[in-house]
Amino acid sequence: MRSTTEPRPGTTASPPSTTSSRLSSARLLDLYSTMLLSRTLDERTWLLNRQGRGSFTISCQGHEAAQVGSAFALRSGQDVVFPYYRDVGVVLTLGMTARDLMLAFFARAADPASGGRQMPNHFGSVPHKIMSVSSPVATQIPQAAGAALAIKIRHESAVVAVYFGEGCTSSGHFHEGLNFASVHRLPVIFICENNGWAISVPREKQMGVATVAERAAAYGMPGVSVDGTDALAVYSATIQALERARAGGGPTLIDARVYRLTPHSSDDDDRRYRSSEELALAHRRDPLDLFRQALQERQILDRTGDEELRQQATAAVDEAVAFAEASPEPAPDSLHLHVYREPVASGPGPPILKPQPLNPDGVAPWQ
Amino acid sequence: MRSTTEPRPGTTASPPSTTSSRLSSARLLDLYSTMLLSRTLDERTWLLNRQGRGSFTISCQGHEAAQVGSAFALRSGQDVVFPYYRDVGVVLTLGMTARDLMLAFFARAADPASGGRQMPNHFGSVPHKIMSVSSPVATQIPQAAGAALAIKIRHESAVVAVYFGEGCTSSGHFHEGLNFASVHRLPVIFICENNGWAISVPREKQMGVATVAERAAAYGMPGVSVDGTDALAVYSATIQALERARAGGGPTLIDARVYRLTPHSSDDDDRRYRSSEELALAHRRDPLDLFRQALQERQILDRTGDEELRQQATAAVDEAVAFAEASPEPAPDSLHLHVYREPVASGPGPPILKPQPLNPDGVAPWQ
Amino acid sequence: MAVKTIVETIRDTLAEEMARDERVVVLGEDVAAKGGVFKATDGLLGRFGDDRVIDTPLGEDGIVGVAIGAALNGLRPVAEIQFADFIYPAMDQIISEAARMRYRTNGALGCPLVIRAPYGGGVHGALYHSQSVEAFFFHVPGLKICAPATPADAKGLLTAAIRDDDPVLFFEHKRLYRSIKAEVAAGELVVPIGQADLKRRGDDLSIITYGAMLHLALEAADQLAQDDRIAVEVLDLRSLLPLDREAIATTVHKTSRALILHEDTRTGGVGAEVAAFLAEELFDDLDAPIVRLTGPDVPAMPYNHALEQAFLPRLDDVLAAVRRLAAF
Amino acid sequence: MAVKTIVETIRDTLAEEMARDERVVVLGEDVAAKGGVFKATDGLLGRFGDDRVIDTPLGEDGIVGVAIGAALNGLRPVAEIQFADFIYPAMDQIISEAARMRYRTNGALGCPLVIRAPYGGGVHGALYHSQSVEAFFFHVPGLKICAPATPADAKGLLTAAIRDDDPVLFFEHKRLYRSIKAEVAAGELVVPIGQADLKRRGDDLSIITYGAMLHLALEAADQLAQDDRIAVEVLDLRSLLPLDREAIATTVHKTSRALILHEDTRTGGVGAEVAAFLAEELFDDLDAPIVRLTGPDVPAMPYNHALEQAFLPRLDDVLAAVRRLAAF
Ligand SMILES: Cc1ncc(C[n+]2csc(CCOP(=O)(O)OP(=O)(O)O)c2C)c(N)n1
Ligand SMILES: Cc1ncc(C[n+]2csc(CCOP(=O)(O)OP(=O)(O)O)c2C)c(N)n1
Ligand SMILES: [Mg+2]
Ligand SMILES: [Mg+2]
């Protein structure tokens with residue numbers, strides 16, 4: 001973990017830090033498996049998309065260390081988490097399953113996030129305190145401050161973690177959220193997965209500072225710049241921020257420098273705006289490779305062990321795809337459900353007056 | 001001018017700086033007279049309000065040095081200025097007159113800002129390139145960046161100056177405006193009249209930093225903290241920012257620490273939220289007194305000279321009040337003008353169809 | 001029974017609900033020490049402390065965003081927007097987030113939140129302290145909207161709003177804050193959101209209205225009864241969303257003539273929906289055109305007194321409209 | 001004459017206007033190197049340079065705020081909001097500032113600005129890439145709104161919008177971007193904002209519509225002419241604000257029956273105003289109720305294909321509505 005101004009990730013090649021970690025070997029393997037599952041699942045969605053079996057995907061690839069590393073510090077079901085659309089690794093760490101995510105990919109009724117209403121990767125799971133992701137970016141940032149306010153008022157020990165890309169730090173939502181959190185010294189961690197691109201807009205066109213960490217100065221909160229391809233560095237930065245939050249020290253902004261290894265989404269063609277050299281360089285710091293090497297160096301993992309874990313991940317994804325694809329779709333009529341807690345009679349006048357209304361409830365009554 | 005973190009103005013008592021100024025005696029007297037006129041005019045609006053001759057006023061009192069000092073550095077009709085509602089001193093410096101402001105106070109047709117449509121102090125004057133003030137705060141900040149973008153694209157040497165209170169620095173508009181300006185290194189000066197209160201909300205509940213200047217770090221632009229009760233300090237800070245902007249060095253944030261000597265507006269009762277001691281302390285650093293003392297010390301002004309200037313200011317305000325109060329009101333029918341450049345036929349169907357429409361144009365046709 | 005103004009009723013109701021349910025918190029600009037620019041939260045800080053009565057930084061986006069997050073995490077926030085005219089920075093949070101939360105989670109997660117905002121003109125508030133903004137939210141399924149015009153309705157609807165499990169916009173007409181006084185019964189009063197109220201009965205013509213215009217309608221109805229022997233029925237919508245289509249249908253079925261009256265500007269206002277509903281569902285019942293009497297299609301109400309008055313629908317306008325309609 | 005899609009027409013028109021008037025600049029997220037997520041600004045960067053084709057930081061408030069300031073200082077900005085669903089953060093700048101600038105300066109200062117935004121659904125865009133947002137702006141005097149449904153109208157209206165001295169919201173239905181192709185004459189074409197267009201003539205019934213629903217209406221009209229000998233007249237509003245009340249009155253005066261069709265949700269939609277206008281001004285002409293066929297009152301269009309289809313008005317719905325109305 002470093003707090004200095006650094007060039008775009010991919011241009012440095014420091015080895016992943018392992019010393020600062022207090023994780024057991026079993027936990028380290030767990031962390032690696034979760035990264036692996038995230039990657040495997042993510043890759044599969046691209047395949048399915050190309051096969052025409054799902055119309056959209058958006059990726060965590062390149063962000064897995066930042067996601068799983070940070071989420072490993074959180075307490076599932078206790079801490080309140082606002083992920084964003086790339087956070088496959090975060091939600092899998094917290095307890096959502098490959099099935100859950102594939103149910104969303106196929107827009108099935110059993111999708112726990114939205115019952116197939118939202119796009120894939122718009123996560124959400126009430127038991128895991130994973131708040132609902134929406135598409136308008138950065139809206140979750142002031143909401144995270146609000147969730148932390150509730151914690152503070154109730155004197156709970158939970159912490160809020162909120163995730164977003166560096167593009168979102170340009171949004172007014174970011175400013176108002178961090179400002180509020182800093183005034184009230186709220187227990188919230190702002191985690192930026194800074195991949196240097198907002199779709200096609202590079203960091204230089206996004207902000208007048210070299211790092212997102214510098215933005216923290218406007219709120220009098222620590223801005224911690226960390227190599228986001230290093231899972232353990234992110235883990236320990238998150239632990240520190242958590243401890244600070246729980247001790248009443250207020251919020252922290254973590255700037256996790258990562259690289260997006262895929263186009264923005266299945267609708268994007270990134271060759272229009274970034275070079276293949278840049279991408280190749282980034283692949284040399286693939287967080288999965290780095291973490292595998294670290295585990296191998298520490299002799300926690302060998303080649304066969306790795307092969308086994310990969311097969312497990314593939315099997316889990318295979319199973320999830322089969323399960324989800326066979327799972328029922330929402331009924332067309334369910335379109336009208338859950339606008340309000342109680343169904344609202346938004347219909348026409350009383351039937352007494354118009355026994356045959358032309359248009360009883362706002363939709364075509366003739367169907 | 002100091003760029004350090006300092007306590008609330010009113011608690012320090014450094015003498016106004018005069019050395020850094022290159023203003024002639026005549027210009028210094030001019031500066032003082034403009035501050036005096038601002039104060040005199042402002043005080044009169046409170047009187048008129050208490051007399052029931054105008055339903056609203058909002059004050060520049062305590063901010064005059066920051067306003068006139070900064071505006072003295074601008075080139076009227078060339079630089080583009082976005083003031084806010086306290087900026088009596090700014091607009092008088094740039095060439096608006098006591099008559100103009102009194103026409104607005106009395107909501108007369110000849111009010112050059114809005115023809116009596118807006119509240120008093122919602123300034124605007126096309127020939128002076130004073131952009132129109134609205135009530136929703138901070139909206140002018142990204143607009144100032146946009147005006148500066150136009151200057152940059154056309155390679156002009158003009159600069160944009162935009163004014164706002166420290167409360168506005170919490171708004172998303174502030175963030176998006178400064179961020180855009182910093183990315184494009186635009187020729188714009190962000191001038192915060194930091195009086196430590198947003199109506200009843202004190203600085204500590206407004207931001208997690210001690211000074212507004214610190215907010216500049218998030219945009220990689222200089223944040224200059226200046227004693228806003230010292231007209232010449234503000235003047236020279238503004239000159240430096242202007243030179244920087246014109247040299248292509250990009251934007252500057254000036255944090256001018258002032259104190260609001262009146263309640264927020266004629267609708268406010270500030271005894272509910274701030275102590276009379278705090279106010280008394282601030283009165284001891286009344287910018288008008290400080291500047292008069294400085295001029296007296298430099299023997300540019302003596303007691304009779306001051307008395308004369310005061311009489312001139314009073315006479316100008318007397319004349320403006322008489323003129324404006326006698327000036328005609330807008331015609332009620334003019335309500336419908338200037339919604340669009342060209343009047344729009346938003347009426348009913350063609351007269352052929354309905355010779356006697358019940359409601360021809362969206363307003364009561366029976367009147 | 002005490003005689004109270006609307007603003008007193010709002011304050012007392014907030015205090016009652018805060019005492020009843022500790023999840024209820026109040027936040028907004030100047031709501032704590034100052035007690036709100038209209039004094040609607042006066043005294044709450046002293047009684048409930050600064051954990052539950054929170055002065056926010058200046059930023060409506062943040063106010064509503066924070067309130068949503070707090071609601072998601074178990075509180076029942078009542079956010080104040082100082083003037084309805086300043087609600088626009090919060091549109092993204094209100095429309096994209098609060099209104100869609102339950103729908104997008106397929107019912108898993110609600111957003112119990114009240115946003116109070118003084119609205120409306122006629123108090124020299126000029127372009128930006130006079131606006132009616134209800135129509136923007138009226139087009140957002142997932143939101144509820146209240147616009148009471150009497151102290152009792154203010155109490156009953158605010159109580160219902162705070163207890164509601166969905167986001168409620170609560171618009172308080174600032175011209176009525178102190179100008180309308182009435183008896184308000186002590187003790188709990190809940191007016192269900194979505195129920196209009198017949199404020200006056202009559203057989204000849206229905207005025208459908210809400211907010212400050214209710215009182216203009218009642219005044220007109222009195223005069224028309226005396227001078228013209230026209231019996232006007234006055235329906236106060238009170239809640240705009242859900243819209244009480246049943247009550248609207250019932251009154252127009254009875255009278256066969258409808259005048260829709262609101263202060264907000266005309267094109268795309270709430271009155272358009274009421275008229276469209278009637279034109280579709282009660283076509284056979286109508287004996288006359290459906291007339292809307294509204295503010296004009298200009299951006300907002302000017303400061304100058306004569307212009308402000310020219311904006312507002314007046315008693316004479318209502319009288320003339322009713323007479324024409326009754327004679328149709 | 002070249003056959004073009006709507007998105008090609010938009011791109012070419014932007015290029016033509018930029019070539020004609022150097023004050024025209026384009027700004028938004030991903031509009032430069034990427035050429036826009038729908039490719040509507042593709043090639044402009046190479047041709048006009050990065051002073052005039054500007055990738056902005058991620059923030060719609062900033063995009064529109066900057067555009068307003070640029071417009072006040074002599075440019076003619078064309079801002080792109082990547083999806084109409086993301087326009088809400090810019091509401092304050094659009095409504096409080098752009099729309100009210102001329103009015104609040106008593107005519108002294110205009111705000112010539114175009115905001116382009118792809119809108120509408122049926123492309124698996126889910127809740128937040130499918131919305132119709134026109135109704136929010138329809139209630140804002142001071143704004144103009146275009147919603148073309150053919151390449152020629154897209155060209156003519158975009159040209160008019162860029163040359164207009166007032167702020168224009170320009171909504172492009174994303175389902176039509178590439179699905180509708182038609183001949184577009186070379187050379188200048190200006191379609192005045194505020195003029196609806198009769199896209200098909202008929203004596204029996206009027207369908208009043210805009211956007212993607214125009215094409216559904218035309219398809220239905222064809223089928224009804226063949227199968228039912230019902231002659232449907234189809235009025236394409238094209239511009240929503242100013243609303244062409246004259247054209248609406250003319251067609252309904254002729255046919256005496258009106259079906260209003262839009263994809264946007266029902267309550268408080270543009271169709272409500274059209275219906276309310278007719279119910280007030282053409283009451284004597286009407287032979288049947290005014291029927292609206294619209295998207296349902298749910299927060300937005302879901303991702304799941306079956307749910308998405310359930311949201312959208314369908315051909316069968318239009319046929320059934322026309323048949324019922326014609327038989328009334
Ligand atoms: C308010 C809003 N504006 C625009 C978009 C379209 N959009 C989706 S993702 C994105 C870029 C986000 O960049 P960043 O925050 O850096 O996250 P990343 O995708 O790089 O992880 C944009 C512009 C959106 N979803 N919401
Ligand atoms: C968007 C918006 N929200 C709220 C208000 C109400 N209001 C008017 S001035 C003000 C405080 C402004 O404080 P500051 O920016 O510090 O300026 P000051 O008045 O102290 O000079 C508030 C909250 C407003 N005008 N606009
Ligand atoms: Mg990014
Ligand atoms: Mg202040």
Side-chain angles (χ1 to χ4, degrees), chain C residues 60-61 85-96 99-104 126-128 133 135-142 241-243 260 264-284 286 288-292 296-300 302 328, chain D residues 60-61 85-96 99-104 126-128 133 135-142 241-243 260 264-284 286 288-292 296-300 302 328:
Chain C
E60 289 72 14
D61 172 39
D85 316 58
F86 305 140
I87 205 167
Y88 305 115
M91 292 290 253
D92 196 26
Q93 291 289 355
I94 298 172
I95 299 177
S96 300
R100 313 216 189 295
M101 191 63 72
R102 186 178 299 284
Y103 195 75
R104 83 186 191 213
L127 304 180
Y128 295 103
V133 302
F136 297 111
F137 303 99
F138 184 63
H139 186 56
V140 183
L241 203 66
L243 183 64
I260 299 161
D264 191 12
T265 60
R266 181 180 179 84
T267 295
V270 169
E273 179 64 33
V274 175
F277 164 72
L278 290 171
E280 181 156 357
E281 297 298 340
L282 275 91
F283 183 74
D284 289 339
L286 291 169
I290 302 161
V291 172
R292 284 179 294 164
D297 279 340
V298 301
F328 193 90
Chain D
E60 289 71 16
D61 172 39
D85 315 58
F86 304 141
I87 205 166
Y88 304 114
M91 293 290 253
D92 196 27
Q93 291 288 355
I94 297 172
I95 299 177
S96 300
R100 314 218 189 292
M101 192 63 72
R102 187 178 297 285
Y103 195 75
R104 82 185 192 212
L127 305 179
Y128 295 104
V133 302
F136 297 112
F137 303 99
F138 184 64
H139 187 55
V140 183
L241 204 66
L243 183 65
I260 299 162
D264 191 12
T265 58
R266 181 180 180 84
T267 295
V270 169
E273 178 64 33
V274 175
F277 165 72
L278 290 171
E280 179 155 0
E281 297 298 339
L282 274 91
F283 182 74
D284 290 339
L286 290 170
I290 302 162
V291 172
R292 284 179 293 164
D297 280 339
V298 301
F328 193 91

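So that the names make sense, note that chain A is the first sequence line, chain B the second, and so on, each numbered from 1.
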Notebook entry, point to check: Which answer fits Asp264(D), side chain, backbone, both or neither, if we ask what part of it has an atom under 4.5 Å from a heavy atom of chain C?
Noted result: side chain
Note to self: Just verifying a value: how many Å separate Asp61(D) CG and Met91(C) CE, rounded to the nearest 0.5 Å?
What the structure shows: 13.5 Å
Item checked: Side chain, backbone, both or neither of Ile95(D) within contact of chain C (heavy atoms, under 4.5 Å) -> side chain
Note to self: Evaluate Phe86(C) against Asp92(D) for side chain to side chain contact (heavy atoms under 4.5 Å, CB included), listing each step before the verdict.
What the structure shows: CA-CA 8 Å; Phe86(C) 305 140; Asp92(D) 196 27; over 6 Å; no
Margin query: Ignoring hydrogens, what is the shortest heavy-atom contact between Phe277(D) and Arg292(C)? Give both atom names and the distance.
Written below: N-NH2, 4.0 Å
Notebook entry, point to check: For Ala288(D), is it the side chain, the backbone, both, or neither that has a heavy atom closer than 4.5 Å to a heavy atom of chain C?
Noted result: backbone
Notebook entry, point to check: If you measure from CD on Glu281(C) to CD1 on Ile290(D), what distance do you get to the nearest 0.5 Å?
Noted result: 12.0 Å
Next item on the list: For the residue pair Asp284(C) and Phe328(D), establish whether any side-chain heavy-atom pair is separated by less than 4.5 Å.
Entry: yes
Note to self: Between Ala275(C), Ala279(C), Ala300(C), who has the most heavy-atom pairs with chain D when the cutoff is under 4.5 Å?
What the structure shows: Ala279(C)
Checklist line | Verdict with supporting geometry, Leu241(D) and Thr267(C), side chain to side chain contact (heavy atoms under 4.5 Å, CB included) | finding: CA-CA 9 Å; Leu241(D) 204 66; Thr267(C) 295; 4.3 Å; yes
Notebook entry, point to check: Which distance, rounded to the nearest 0.5 Å, do you find between the OG of Ser96(D) and the CG of Leu127(C)?
Noted result: 10.5 Å
Check: Val298(D) versus chain C, heavy atoms under 4.5 Å apart: side chain, backbone, both or neither?
Finding: both
Next item on the list: Give, as side chain, backbone, both or neither, the part of Tyr128(D) having an atom under 4.5 angstrom from any heavy atom of chain C.
Entry: side chain
Notebook entry, point to check: Within the distance-only criterion (no hydrogens, no angle test), does the side chain of Glu273(C) pair as donor or acceptor with the backbone N or O of Ala272(D) below 3.5 angstrom?
Noted result: no
Check: Can you name the nearest heavy-atom pair linking His139(D) to Phe136(C), along with the distance?
Finding: CD2-CZ, 4.0 Å
Next item on the list: Report yes if some heavy atom in the side chain of Phe283(D) is under 4.5 Å from a heavy atom in the side chain of Val291(C); otherwise report no.
Entry: no
